[in-house]
Structure formats: structure tokens, C-alpha cells
Q: 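Below you will find the structure I want to go over with you.
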2 protein chains.
Amino acid sequence: MVTIVDVAKHAGVAPSTVSYVLTGKRPVSAETRMRVGESIRVLGYQPHAGARALAGSRTNVLALVLPLREGVHLPVVMRFASSVVTTAREHDMDVLLVTADEGAAGLRRVAGTSRADGFLVMDVGLDDERVPVLRDLGRPAVLLGHPTVANGLTCVDLDFEAAGARCVDHLVELGHRSIGFLGAPGAVYARNTGFAQRTLTGFSSAAMRRGVASTALPAERHRDAVRAVVRTLLGELTRMTALVVHNEAVLGWVVECLRAEGRRVPEDVAVVAICPDELAEQLRLTSVQLPADVLGRRAVELLMAKLNGQKPPALTLLPPKLFSRTGQAGPRLVVAPPPRQVG
Amino acid sequence: MVTIVDVAKHAGVAPSTVSYVLTGKRPVSAETRMRVGESIRVLGYQPHAGARALAGSRTNVLALVLPLREGVHLPVVMRFASSVVTTAREHDMDVLLVTADEGAAGLRRVAGTSRADGFLVMDVGLDDERVPVLRDLGRPAVLLGHPTVANGLTCVDLDFEAAGARCVDHLVELGHRSIGFLGAPGAVYARNTGFAQRTLTGFSSAAMRRGVASTALPAERHRDAVRAVVRTLLGELTRMTALVVHNEAVLGWVVECLRAEGRRVPEDVAVVAICPDELAEQLRLTSVQLPADVLGRRAVELLMAKLNGQKPPALTLLPPKLFSRTGQAGPRLVVAPPPRQVG
DNA sequence: GTGAAAGCGCTAACAC
DNA sequence: GTGTTAGCGCTTTCAC
């Protein structure tokens, strides 16, 4: 194995100089920098990560905590992970994969054994045991998917309120004046902190602002329930020409029921979904997408900022991306505004 | 931070003794072991991973190289990753996530900087640039998904031949005597090393062995093409009561076309698919599943064996799992034989 | 069965 | 702008 001392000898400098060339933590004359660089290349030197971590107390590793078991939509998680790794590499960081199964103990272990410098935690619950632990672990962390808390922690999430509003704006611009909303099962709206609520709020206030007629209803995950809701919506909103669906589980049935009621989709009723991209793609519906790639990138950037001693905003809400899939052409990104920041 | 020296002092022993208690690399009397253990607990000692790696030249980290970009079915990758992490933790290992984007350079980097002890590489191509690199990196590696090579490397894959045969056996046991096979696009069978070929081989020889009538046809990814193939199959195999489909992209259309031809599914024509579980679940079709969980577990176990100086079989073929979804009840695992090992 | 001490390869004062 | 050197926290001889 070739060490820093080998490089130093080969270049005729001190080991520390090699180190400084590598880290840039102190100025090195252009000439020696070149010579050292050459030696590094010739010898194929690669610094030992462990030794570095030991001496420098930085591992250059980020821990990524993912809910790999179930619940969450797997392709979304995957895309997010992909984006995290790519962005991390741009910052010369590696990514340690940790499953949510390990719980708070996993965080303690990774921090305690100095395996990582910071944490990226996806899908943190409303009163997650990991939040207090994360706080007194003293390592920077960024939470994703549920902007539950702000207490010193940094969060990133999709701006669901904007997502709801975006659907309305898009439809209004297409000329629709009467828009329905088919949401998650009723129980989801009960615990009123959730993203479902925020989406609905965004939808409702946008409808008010735009002065269009609207009705919102929850829908259970049964085909019959969906059929009933669709009928009710068509009954209530007799001129309804558009429907926003925020319930990926029943999306297929909604379209089916509309057709069964004699409405063509999208000619008679335009459907806009808030759901993962694959699903909308498959059903060829216009949709607001969860931008997993942006989420991942942003999360890493926030974490890097914290590692560098900066104080990024406590909450970043990413703008929803609306893809139009009405024409024969491929999906078309309609607009992409900047994120909202809070705190 | 609490170090090994702190623990040693607290327990009234030498640091080396603490180390040996931890690693078990030399016998320690029951009494001191207890005392040390107690001190570790009281002080909340956690060994520094970097220091360990530096002194011991083992990182206790596995590098997991995943094709995160596209192509592969994301949920399958995710499940596999999950299984890898879980199994790795059982062996007290952590997992470093690396994307295939980094290519051979990524492997060199991870090995060169001593970030990981071994590699798990998914989706290795027929003549992948990473194979030679992996070989002379001198670190144990396990390849997944394409048993391309055997040359000193260890591979794990689904036993596609058994998968094809399994479908036939299952159908024959249900009383079917005339079985069609609708496969991948023709081009896929051209490069004859692939899994498509092996599945077909398994299907055909099982049909021969069982003495049932069979016809196999490739299918392009167009609705019309699928329709034509379905018609041809029904024409050729006039008594066809079962169809094996190894083409996930057109699976939905196959069922649709069969119904359009007046055949009820599964009453008139039983369909068995070889595809990811979600898809079969969604269409409520009996299917042979890619056992991502078993794959991940087995891969880690093989890698650990190599890390411990053992010589595991060069190729392990995992038995396909067939889930029956004909009844009203949930999916039912029909059989689960042991893996095949080669070399 | 246990201890003492020499590194592992690197970083970061502290010197000049 | 560069060199010297003392650790970082652990493992592992070597000695008893």
C-alpha cells in the first residue's frame, strides 16, 4: 500500500505538505503542488479513509436512513437515494445506507462509532423516537418528507399546499370553471397535521382565489366507495369538467368510474393526479409529481451547509412539478418555480 | 468521547484486554470479561470505526453497487437493498451505497481508500468493464443478476430455467395439457446468453418431459403485436388452456387481448407470469417471483464467507417462488425447493 | 490469562 | 511557504 509518506519522499517534501495539497487547508506554492500532484498520480496514491477519519475527525460519509420495509412508494425512495448518492459524490462524500428498522439505536450506533458525519432521514413520523435522539446526537441532520419539527433540525418536503393550488391553477388556465377534488380516506384528514390536509387547503384556497366552483370529498379504498364518491361529485357539481385526485390507491378506479358514468377522460372530465410519476405515466394522466431527485439533491446540499457550519433555513418546501400528459407527445413540464423557505 | 483507554482504566485492565473482550480473538477469563463488559455498558463505550479500520485493516463495511438510474425494476432493487442491509447488520457490517454510474473508477476508489472490505455488485453486464477491475482489486466480491462469469468471482442469480419449468409443472398439476408461451421481443433471444433463453429452455424441456403440447412465441412491445401473437397462439394451439408470459411490459395487454378474443381469464385460459410481484399482484395473476429478499441475503452470506477465507460455490441459482393467485384468498406460495450450486 | 508498547496512515499544531 | 512531530483510538505482537 502506498502511503502519504511514500508520496512525500517521491516528491521530496514533508508529509504534511502532501496533506495540505490534498485538503487545501493551507496555501502551497504552485510548483510544489504540481510536483506533489504528479507523485500522487505516478504512485497511484489514495488516502486511507480510516486514518483520515481518525486524525481529522471527519469521515466524509453521510448516513442515509431509508424506510426500506414498506408503506412508502419504493420507486420514489429509490430515486431519492440515487439523487442523494450522486449529489454526495459531487461533494466528495460517500453514503452509508441504514434502514429505518434500526430505529434510534441505529443512529446512536452510526454516530457513536464515528461512521458518518451527518444524517439524512427520510419519512420521519409525527412524534418519532428518532427526533430527540437526532437532536442530542450533536451531528447535523436533515429530515425528509414530514416537516414535523423545526426545533433546530432542518427539514425538506414537497410543498403540498402549492401542489393543491397548482392543480387548480393549471385547470383554470385550461378554461375549467368547476373542479372536483377526490382525496384520501376520511381518517387521513383526522390527524390534521398531515400532507393530505395541506394539499386540500391549497386546492380550496386556490379555487376561492380563482373564483371557480369546487367540491372536495374523501374516498375510501373500495371500488364501490369510489364509484359512490364519483357519482356524488357529478351530482353536486353538475358542470364539473375537471377532477383533482389525491389518492393514488384508487386513481385507476376513478378513471374507470368516470367512464362508466359516460364521461370521457379527458374530453369530458380532465383528471389531474397528485401521485408518483410511474402511475400517472401508466394511466396517461396529467399529474403533479413528487420531485424525488430535487429532494435528494437539496437534502444533501442542506446537510453539507450544516457540516460547513452554516445555518440553512429550518424548512424548505419544494415546488411541485406539474406534467401535462394530455397530448400525444411525451409529458411536458408546465412550470417550475423556486422553493419556499421558512425559518 | 470515551475511548478504549477509559474503559480499561474503569475496569482496571489493559486496553488490549478490552480489545480482546470485544473481538474475542484471545481467551479472557469469565470474570474480567464481565467486569470489562460492565464498564463498557456504564461508560457507553463505542469503538471508533476509523481507528479500528486503521489498526485492524478491516472496515466492517460492504460496498453495495446498484444500478440506480433506470432500466431495472426499481422496487426489486429496493427490496434487494433492504435485504442486503438487514443481513449485513446481522453480521455486524455496515453498507456503503455506490451507484453503477461511478463505474470501475468507483470500485477502485472504494477499495483504494479502504472504505469497504468487499463488494456486492448488481446487474453486471456481459462484458462489463468492472469485472476485470473487480478481479485484480483483490477484494472479495459477489455479482448479482447475471451469472456472466465464473473466473474466481462468485455469482448469484435467479434460476430462470427452473422458473420456466416451474410454470409448466404447476399448470400440468392443475390439469392443463396444452400450454402456450409468450416471451420477450425476438431480439432478446438473439444474444443467446441471457435469462430469456434460459427461461424458454426450462419451459420447453419441462413441456417435453411432461408430454404436453406447447408453442412458444416472442412478442414485441406493441399492443397490435401482442394481439397478433395471442391470436396466433390460440390458432396454433387450439386446445390451449394455459399461457406462460415472460414479458412484463406487455402482460396487461395479454390479458386484455385474451378477453377480447372471448377467453375468460383464468377460467378459459390460466395465465402464469414470470415478473415482479407488484405487477402480478395488481393483475391478480399467478406468478413466478424474483426473490429479491433471498437474493440479498444469500449474496451477503456468500460475501461474508469469502471475507472469512472460505471458498463458496462460484454460482448459486436461487429457486423461483411460484405464488398462486387464483382463489379469493391472498397469494399462496406453492413450493420452495433449495438453491442449485455450481462450481 | 494479562500487560506493555509499537505501530496503522493521517492531520494539525507548532516551529521556522 | 514548508518541515517536524505529536497525537487520533485501536489492534496485535511480544513478553510475562
Side-chain angles (χ1 to χ4, degrees), chain A residues 1-37 39-40 43-61 92 94 109-117 307, chain B residues 1-37 39-40 43-61 92 94 109-117 307:
Chain A
M1 185 195 193
V2 34
T3 76
I4 201 170
V5 175
D6 299 326
V7 176
K9 281 183 185 146
H10 186 272
V13 297
S16 56
T17 301
V18 177
S19 176
Y20 289 122
V21 166
L22 251 25
T23 63
K25 288 192 182 172
R26 102 178 172 188
V28 176
S29 77
E31 202 220 304
T32 46
R33 195 171 43 234
M34 287 258 310
R35 224 176 39 255
V36 169
S39 299
I40 288 176
L43 301 180
Y45 169 66
Q46 299 190 274
H48 186 289
R52 257 190 155 165
L54 180 55
S57 64
R58 270 200 52 159
T59 62
N60 278 9
V61 171
D92 199 31
D94 267 299
R109 182 179 62 78
V110 170
T113 57
S114 299
R115 270 219 187 282
D117 299 325
L307 282 172
Chain B
M1 184 197 193
V2 33
T3 74
I4 201 170
V5 175
D6 299 326
V7 176
K9 279 181 185 149
H10 187 271
V13 297
S16 55
T17 301
V18 177
S19 177
Y20 287 122
V21 166
L22 251 27
T23 63
K25 288 190 181 173
R26 99 177 174 188
V28 174
S29 76
E31 202 220 306
T32 48
R33 192 170 46 235
M34 287 258 310
R35 224 176 40 255
V36 170
S39 299
I40 288 177
L43 301 181
Y45 168 66
Q46 300 191 273
H48 187 289
R52 252 187 159 167
L54 180 55
S57 66
R58 271 198 55 157
T59 62
N60 279 10
V61 171
D92 198 31
D94 266 300
R109 183 179 61 79
V110 170
T113 58
S114 299
R115 271 217 186 282
D117 299 326
L307 282 171

Q: Whole angstrom is fine here: how far is it from NZ in A/K9 over to P in D/dG3?
A: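 Answer to the nearest Å: 14 Å.
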Q: Should A/R52 be listed as having a side-chain N or O under 4.0 Å from OP1 or OP2 of C/dG9?
A: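 For C/dG9, neither OP1 nor OP2 has a side-chain N or O of A/R52 closer than 4.0 Å.
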Q: Can you name the nearest heavy-atom pair linking B/Y45 to B/T3, along with the distance?
A: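 In this case the closest contact between B/Y45 and B/T3 is CE1-C, 3.6 Å.
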Q: Between B/R52 and B/T23, is there a side-chain heavy-atom distance shorter than 4.5 Å?
A: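 B/T23 reaches B/R52 side chain to side chain.
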Q: Output the residues of residues 17-30 of chain A in contact with DNA chain D, where contact means a heavy atom of the residue under 4.0 Å from an atom of the strand; sort by number or write none.
A: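 Contacts with DNA chain D under 4.0 Å: A/T17, A/R26, A/P27, A/V28, A/S29.
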Q: Closer to the 5' end of DNA chain C via nearest nucleotide, is it B/A51 or B/T32?
A: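 Its nucleotide being nearer the 5' end, the pick is B/T32.
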Q: Nearest whole Å is fine: how far is C/dG9 C1' from B/R115 CZ?
A: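 Result: 14 Å.
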Q: How many Å lie between CZ on B/R35 and C1' on C/dG1, as a whole number?
A: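 Interatomic distance, CZ of B/R35 to C1' of C/dG1: 12 Å.
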Q: Keeping the roles fixed (side chain from B/D117, backbone from B/T59), state whether a donor-acceptor pair exists under 3.5 Å.
A: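 Indeed, once roles are kept as given, a pair shorter than 3.5 Å links the two residues.
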Q: Using whole Å, what does the distance between atom C1' of nucleotide D/dC8 and atom CG of B/L54 come to?
A: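 Value for this atom pair: 9 Å.
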Q: Does D/dT5 have its OP1 or OP2 closer than 4.0 Å to a side-chain nitrogen or oxygen of A/S16?
A: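 Answer is no, no contact under 4.0 Å.
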Q: Could you state the NE2-P distance from A/H48 to C/dG9, rounded to the nearest angstrom?
A: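 My rounded result for the distance is 7 Å.
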Q: Measure the shortest side-chain to side-chain distance between B/N60 and A/R115 over non-hydrogen atoms and say whether it is less than 4.5 angstrom.
A: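 Yes - at least one pair of side-chain heavy atoms lies under 4.5 Å apart.
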Q: In whole Å, I'd like the distance from the CD1 atom of A/I4 to the C1' atom of C/dA12.
A: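 To the nearest whole Å, that distance equals 12 Å.
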Q: Would you mind reading off the distance between A/D6 atom CG and C/dC10 atom P, rounded to a whole angstrom?
A: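 From A/D6 CG to C/dC10 P: 9 Å.
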Q: Counting only N and O atoms by type, is there a donor-acceptor contact under 3.5 Å from the side chain of B/S39 to the main-chain atoms of B/R35?
A: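 Such a contact is found between B/S39 side chain and B/R35 backbone.
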Q: Between C/dA12 atom C1' and A/R58 atom CZ, what is the distance in whole Å?
A: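 It works out to 15 Å between those atoms.
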Q: Tell me if a side-chain donor or acceptor on A/D94 pairs with a main-chain N or O of A/V61 at a distance below 3.5 Å.
A: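 Between the backbone of A/V61 and the side chain of A/D94 there is no qualifying donor-acceptor contact (under 3.5 Å).
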Q: Backbone N or O of A/V28 within a donor-acceptor pair of the A/R33 side chain at under 3.5 Å?
A: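 The answer is yes, because a donor-acceptor pair under 3.5 Å joins these two groups.
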Q: Hey, does B/V7 have a side-chain heavy atom less than 4.5 Å from the side chain of B/H10?
A: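 Not touching, per the 4.5 Å side-chain cut-off.
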Q: Could you spell out the base pairing of DNA chain D as a dot-bracket line? Use Watson-Crick and G-U wobble contacts where both distances are under 3.5 Å, [ ] for crossing pairs, | for partners on a different strand.
A: ||||||||||||||||
